Amino acid sequence: MSKLQSRNVQSVIFLFVTLSFWISMYIYVPILTPYLSNLNYSFQFIGIVLATYGLIQLLFRFPLGILSDHLQKRKLFIVVGMLCSVCSCLLFLVPNLAVFPLLGRAVAGICASTWVAFTIMYASNFEQHEMPKAMGQISLYTVLGQFIGMMASGWISDMYQYRMTFIIGAVIGTIGLALSFLLYEKPPTSEQKGMSIKQIGSVIRSHRVLFASLLSILAHGVLFITMFGFTPLKAIELGATGTQLTILIACFMIPHAIAARFAYPIMQKFHHRGTFAISFFISGLCTLALMFVDSLPAMYFTQLLNGFAQGLHLPLLLSFAIYKVESNVRATAMGLYQALYSVGMFSGPLIAGILNDNFGINSGFLFGSILAFSALIVIPWSLYVDFKKQRGRSKSAL
């Protein structure tokens, strides 16, 4: 094994590729809705642009997961993802044609779809019982990259202009693309076989994957309506400058990162479902509160709590979806999970955009809070399904 292939060196390379991936994709997220609004696009069109990101992932994530498991390759998809991150930023720079914002966000959706390969390649370095810890760490890398990108966004827009954020995003994506070629992927062993059609069916029927996916649909619907959607636009309506947008993002992302770091120990105390119930309840309250805030300090406070709440359930849902899944179908399970939660990324901002156009921006936040509170119905329902399954097994054993 060469020095480049050592675990420590590869971990550092993987970290920087991951950071480049998320920074290049999220450096323009805070200014995307104001940027499109300045170009005189309607709330409804902005909602469609935001929704395109999720729709593409809904279509691409599961097939990419199946293909990755079939080929038993991950690095190829990481390289393609980094290339798409560069193209996405560049497409937003094409002036005065509505098709290019749509294309830019669609290519970003393809880029995000390759995250399946990132998570599975990282998870391959850990034992089965370490999966929650592994997903917590990679979630921390994700949040860190998103945080750096979104923090830089407000500063760049204040110092230069909105368009500069897309240029810098493309440069960072290019650096990540170059580094991705240095990643070392272990060749599959003779025992590792591509999955069968039967195994795909078992993944699709998995109650654990479907439960995690349903909660994640709700979680991502809330996330892409609020901080990754219309919260920055409301802040600007309240008079926020680029620097104040940066403060708002920090209020959300710092607790988000802290929660990702401590999600696993908190889960050990309250169990998965208890942690999910607490975090969704807090997220629902904070999203509802956005309807009534009339000052930036009040908005900052809601985002401190909302960032922590969402930072708790997102990494735990990620690990819950692939826990006890065989390694040769793990990308398929992850692809299904990520494809399904893309429904929330797609439908959440789309519906919120339509509501905002017709009833004002607060109606979208009301819809987001309803999504969060709906999780409090899903969680006891899943417990009931588990109880029925265990009861059925007990009867069959008799």
Side-chain angles (χ1 to χ4, degrees), residues 20-61 63-64 80-116 142 145-146 149-150 152-153 156-157 162-173 176-177 217 220-233 249 338-339 341-354 356-357 364 368:
S20 300
F21 181 84
W22 290 112
I23 291 171
S24 64
M25 276 213 299
Y26 275 76
I27 196 168
Y28 62 78
V29 166
I31 57 90
L32 181 57
T33 50
Y35 173 68
L36 295 175
S37 182
N38 280 357
L39 294 175
N40 297 318
Y41 293 120
S42 67
F43 277 145
Q44 187 167 339
F45 177 79
I46 293 170
I48 292 170
V49 172
L50 296 176
T52 299
Y53 179 70
L55 176 62
I56 294 299
Q57 291 178 63
L58 175 62
L59 299 175
F60 277 76
R61 281 189 190 258
L64 285 180
V80 170
M82 291 308 313
L83 179 61
C84 287
S85 75
V86 177
C87 294
S88 170
C89 291
L90 295 177
L91 282 166
F92 280 104
L93 294 172
V94 181
N96 302 326
L97 282 174
V99 68
F100 286 103
L102 284 170
L103 282 176
R105 211 60 185 133
V107 174
I110 297 172
C111 173
S113 298
T114 65
W115 183 241
V116 174
T142 299
Q146 292 171 346
M150 294 175 76
S153 181
I156 293 167
S157 65
Y162 287 151
R163 287 173 61 84
M164 182 59 70
T165 59
F166 300 106
I167 296 170
I168 294 176
V171 171
I172 293 170
L177 175 62
I217 288 170
H220 283 84
V222 175
L223 181 61
F224 278 78
I225 287 170
T226 54
M227 183 50 71
F228 295 166
F230 294 99
T231 300
L233 191 55
I249 292 157
Q338 293 186 6
Y341 77 51
S342 301
V343 173
M345 297 165 66
F346 159 63
S347 60
L350 178 63
I351 295 171
I354 294 170
N356 291 344
D357 238 6

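All values reported here derive from a predicted model rather than from experimental measurement.
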Is a side-chain donor or acceptor of [X] paired with a backbone partner of [Y] at a separation under 3.5 angstrom?
X: S37; Y: T33; answer: no
X: S153; Y: I27; answer: yes
X: S342; Y: M345; answer: no
X: N356; Y: A352; answer: yes

Between I217 and V343, does the side chain to side chain contact (heavy atoms under 4.5 Å, CB included) criterion hold? Intermediate values first, please.
CA-CA 6 Å; I217 288 170; V343 173; 4.2 Å; yes
Where is the tightest heavy-atom contact between [X] and [Y], given as atom of each residue plus distance?
X: S113; Y: L64; value: CB-CD1, 3.7 Å
X: C87; Y: V107; value: CB-CG1, 4.1 Å
X: T226; Y: V222; value: OG1-O, 2.7 Å
X: F100; Y: L91; value: CB-O, 3.5 Å
X: P30; Y: P232; value: O-CB, 3.5 Å

Donor-acceptor side-chain pairing of Y28 and S88 below 3.5 angstrom:
yes
Distance check, rounded to the nearest 0.5 Å: [X] atom [atom1] versus [Y] atom [atom2]?
X: S85; Y: I110; atom1: OG; atom2: CD1; answer: 12.0 Å
X: L59; Y: I56; atom1: CG; atom2: CD1; answer: 5.5 Å
X: C111; Y: F60; atom1: SG; atom2: CZ; answer: 12.5 Å
X: L102; Y: L55; atom1: CG; atom2: CG; answer: 11.0 Å
X: M164; Y: I31; atom1: CE; atom2: CD1; answer: 12.0 Å
X: R105; Y: L36; atom1: CZ; atom2: CG; answer: 10.0 Å

Just wondering, do [Y] and [X] contact through their side chains at under 4.5 Å, heavy atoms?
X: V86; Y: S24; value: no
X: Y26; Y: V29; value: yes
X: M25; Y: Y53; value: yes

Candidate pair L50 and F230, rule side chain to side chain contact (heavy atoms under 4.5 Å, CB included), full reasoning:
CA-CA 10 Å; L50 296 176; F230 294 99; 4.1 Å; yes
Please walk me through it: do F92 and L32 pass side chain to side chain contact (heavy atoms under 4.5 Å, CB included)?
CA-CA 10 Å; F92 280 104; L32 181 57; 3.6 Å; yes
Ring centre gap for F346 and F224 strictly below 6.0 Å
no
I167 and side-chain contact (heavy atoms from CB on, under 4.5 Å): which single residue from I172, L93, L90 fits?
L93
Once you measure the plane-to-plane angle for W115 and F21, does it fall in the parallel (<30°), tilted (30-60°) or perpendicular (>60°) bin?
parallel
